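Right, one structure below, let's go through it.
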Amino acid sequence: MKRTLALLLTCILALSLALAGCSSSTSKEDGKGGSDEAKGGTLIYGKGGDAVGLDPAIVTDGESFIVTQQIFETLVKYGEDNTEIKPGLAESWEVSDDAKTYTFKLKTGIKFHDGTDFNADAVVKNFQRWSQSKDEGKFAYYASMFGGFEGDEGHVIKEVKAVDANTVEFTLNRPQAPFLKNLAMPTFAIASPAGLEKEGDSFTKNPSGTGPFKFKSWKPGDTIEVVKNDDYWQKGLPKLDGITFKVIKDNSARLNAVIKGEIDLMDGLNPSDISKVTGDDKLQLFERPSMNVGYFGFNVEKKPFDKKEVRQAISHLINKKEIIDNFFEGTAEPAKNPMPPSVSGYNDNIEDYDYNVEKAKELLKKAGYEKGFKMDLWAMPVPRPYMPDGQKVAEAIQASLKQVGIEANIVSYEWAAYLEKVQAGEAQSFMLGWTGDNGDADNFLYALLDKDNIGSNNYSRYANDEVHDLLIEAQSTADEAKRNELYGKAQEIIHDDAPWVPLVHSLPQLAGSKTVKGFVPHPTGSQSLINVSLEN
């Protein structure tokens, strides 16, 4: 996987990233500090599904990350409403001329919730835990974002070492343009090494980080409680005394809980219920910026989806406009690529598969399935930002497939089991989606559809050598125009191979009481609630 880059590109990359590092070193904290207006109290946050786990390194779902982001922090972080890089646990960083060495100066005096010190050794131990694991199923994000594990040909990170107690140095095997954006992802938050050693596999149920809130309790399928970290390193924060994450699976029932004052804030608002929120002067509507894709995926290793013509045929059978009209109430747009238009590198020249039943029949005949076939269609059991009701969308797809003799049996599991089984390749076809973690095309195309990530986030198990080469070159190139050109070519090939039917890019809707102040929905789908307060 290693590639020899042209000297010019390397120089451009080095200059680009070095400038980013230098400018970041003078950035100020964007935390707003304490306020006389903050009233404390405990926010009750309603969500559609339980967390899979509370160890950010081993989870991949938003239901988990909305909790872990209150408990843990990363070396660098995103802006309040964007993916610009800001200082986090690191106060500054420098990048070498060859863009292969990043040196981070860490903030001092920070402690983990268990009372142990945050320092360079803690950072090293976290990265060693991930890079040396060789467990792609467990540490899926690490493998996806950094090209595998220690010793793998494509592994990006060569070494992480403590220069001194407050300085940590990363040496890369090759330049990686989105490296800083990757580090800001919540999955790469720094956990207490002492906690990891003490708890072992149970750390995911009793986590310890440096964040503004400490873990208190978890009643599976019901509530997760976190409480204010009184020793938090940012003075005056957090503003709340605590947060209770409450599982209410049905979207409408969750809204009724907001209306009754039983919960303060909810995600997964049905688009059809928007008018109930806007018409109630005690409520407020929030709209999360779109940086997602909802899709219908095929396991290309399982028959009949090992044939491109079958995948293309089904692509012609999905009426995306009808799905959006019926289930999104205008809060989504049709998707034709695996990444949204808001991300740089999107190829708008691609023409989507039109809704064409006769064309689908021709392709099925060519593939030897003129009379159709039987299949399993896995549907998500929980509402997601990119798909408020996956079951109903699955039923709509089921009806479309019947037109050509394809009998789809809808299958579902509890959320954690669903993700685990799809990741393991058990599903024949499945409904899923992705909310961008860092605003970079690499986080969609490489993370979800590169052969390196089969067994982690490439649930379709799609492998194409030409796509792989394009994506690795794009990773290792600083010139934005060149990267966009490479991503554009990759999308053309992926579109033709059709490992997915990209369905929608949604504008996720949230609702809350007017007493909720300081909540800014982040495009990545979850965020720290450090600046949120309750004011009567």
Side-chain angles (χ1 to χ4, degrees), residues 47-49 60-63 65 251 267-272 287-299 311 314-315 317-343 346 350 352-353 355 377-401 408 410-412 415 418-419 422-423 427 429-437 441 443-445 447-449 457-460 462 491 494-495 498-510 521 523-526:
K47 58 200 195 86
T60 62
D61 66 301
E63 300 291 12
F65 284 134
N251 295 0
D267 56 24
L269 178 70
N270 283 328
S272 57
E287 186 172 84
R288 194 180 298 284
S290 180
M291 196 170 72
N292 62 44
V293 61
Y295 66 89
F296 175 32
F298 309 112
N299 185 332
R311 305 192 299 265
I314 292 179
S315 298
L317 289 171
I318 309 302
N319 190 329
K320 299 175 187 178
K321 183 180 184 303
E322 194 173 83
I323 287 172
I324 290 170
D325 289 345
N326 288 338
F327 306 117
F328 288 86
E329 301 278 336
T331 63
E333 62 178 315
K336 61 183 180 181
N337 292 323
M339 55 186 273
S342 59
V343 173
Y346 179 83
I350 287 174
D352 199 8
Y353 291 91
Y355 177 62
L377 194 172
W378 289 34
M380 292 176 293
V382 296
R384 304 304 303 131
Y386 42 78
M387 205 169 294
D389 197 328
Q391 292 283 336
K392 288 184 178 178
V393 174
E395 290 169 7
I397 291 175
Q398 180 188 50
S400 294
L401 299 180
I410 295 177
V411 175
S412 194
W415 182 227
Y418 184 93
L419 290 174
V422 174
Q423 184 186 61
S429 72
F430 53 92
M431 309 287 294
L432 260 175
W434 187 261
T435 298
D437 295 289
N443 183 243
F444 284 88
L445 301 182
L448 303 179
L449 289 165
N457 290 320
N458 182 350
Y459 297 138
S460 284
Y462 169 69
Q491 287 167 80
I494 292 167
H495 180 76
W500 297 356
V501 181
L503 297 174
V504 299
H505 305 299
S506 73
L507 281 166
Q509 306 295 307
L510 304 90
T524 58
S526 61

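Since we're looking at a predicted model, the values are computed, not measured.
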Between the main-chain N or O of Asn337 and the side-chain N or O of Tyr346, is there a donor-acceptor pair closer than 3.5 Å? no

CD1 on Ile397 to CD1 on Ile318, rounded to 0.5 Å: 4.5 Å

Counting only N and O atoms by type, is there a donor-acceptor contact under 3.5 Å from the side chain of Asn443 to the main-chain atoms of Gly436? no

Using side-chain contact (heavy atoms from CB on, under 4.5 Å) as the criterion, list what pairs up with Asn319, not counting sequence neighbours. Lys321, Glu322, Tyr355

Are the side chain of Ser315 and the backbone of Val501 linked by a donor-acceptor contact shorter than 3.5 Å? no

Listed partners of Asp61 passing side-chain contact (heavy atoms from CB on, under 4.5 Å), at least two apart: Val52, Val59, Glu63, Ser64, Trp415, Leu419

Nearest heavy-atom pair of Thr435 and Gly525: which atoms, and what distance? CG2-N, 3.8 Å

Can you see which heavy atom on Ser506 is nearest to which on Asn292, and at what distance? N-OD1, 2.9 Å

Nearest heavy-atom approach of Ser429 to Leu377 is OG-CA, 3.4 Å

Residues Asp267, Arg288: salt bridge by 4.0 Å N-O rule: no

Within the 4.5 Å heavy-atom criterion, are Leu503 and Met431 side-chain neighbours or not? yes

Under the side chain to side chain donor-acceptor pair (under 3.5 Å) test, which residues partner Tyr462, sequence neighbours left out? Asp497

One should read off an interatomic distance between Gln398 CD and Gln391 CD, to the nearest 0.5 angstrom, of 10.5 Å

Nearest-0.5 Å distance, OG1 of residue Thr60 to CD of residue Gln423: 6.5 Å

Would you indicate whether the side-chain heavy atoms of Val293 and Pro338 approach each other to under 4.5 Å? no

Approximate separation, where rounding is to 0.5 Å, of Met380 CE and Asp389 CG: 9.0 Å

With sequence neighbours excluded, what pairs up with Phe327 under the ring pair (Phe, Tyr, Trp, His ring centres under 6.0 Å) test? none

Of all heavy-atom pairs linking Pro271 and Thr331, the shortest is CG-OG1, 3.5 Å

Exactly one of Phe444, Tyr459, Tyr295 should register a ring-ring contact (aromatic ring centres under 6.0 Å, His included) with Trp500. Which one does? Tyr295

So, Ser412 side chain and Ala379 main chain: donor-acceptor pair closer than 3.5 Å or not? yes

Could you grab the distance from atom OG of Ser290 to atom CD of Glu333, nearest 0.5 Å is fine? 6.5 Å

Please find the pair of heavy atoms, one from Pro508 and one from Pro385, that lie closest to each other, and give the distance. CG-O, 3.6 Å

About how many Å separate OG of Ser460 and CG of Asn299, when rounded to the nearest 0.5 Å? 7.0 Å

Can you check whether Met339 reaches Trp434 side chain to side chain, under 4.5 Å on heavy atoms? no

Would you say Lys47's side chain and Gly268's backbone share a donor-acceptor pair under 3.5 angstrom? no

Quick one: ring pair (Phe, Tyr, Trp, His ring centres under 6.0 Å) partners of Tyr386, sequence neighbours excluded? none

Side-chain donor or acceptor of Lys320 paired with backbone N/O of Ala335 under 3.5 Å: yes

Ring pair (Phe, Tyr, Trp, His ring centres under 6.0 Å) with Phe430: which residues, sequence neighbours excluded? none

Is the shortest side-chain heavy-atom distance between Phe296 and Val393 below 4.5 Å? no

Do Asn251 side-chain atoms and Pro388 backbone N/O form a donor-acceptor pair below 3.5 Å? yes

What pair of heavy atoms forms the shortest contact from Leu449 to Ile494, and how long is it? CD1-CG2, 3.9 Å

Passes side chain to side chain contact (heavy atoms under 4.5 Å, CB included), Thr524 versus Phe65? Steps please. CA-CA 10 Å; Thr524 58; Phe65 284 134; over 6 Å; no

Heavy-atom side-chain contact between Gln509 and Asn270 under 4.5 Å: no

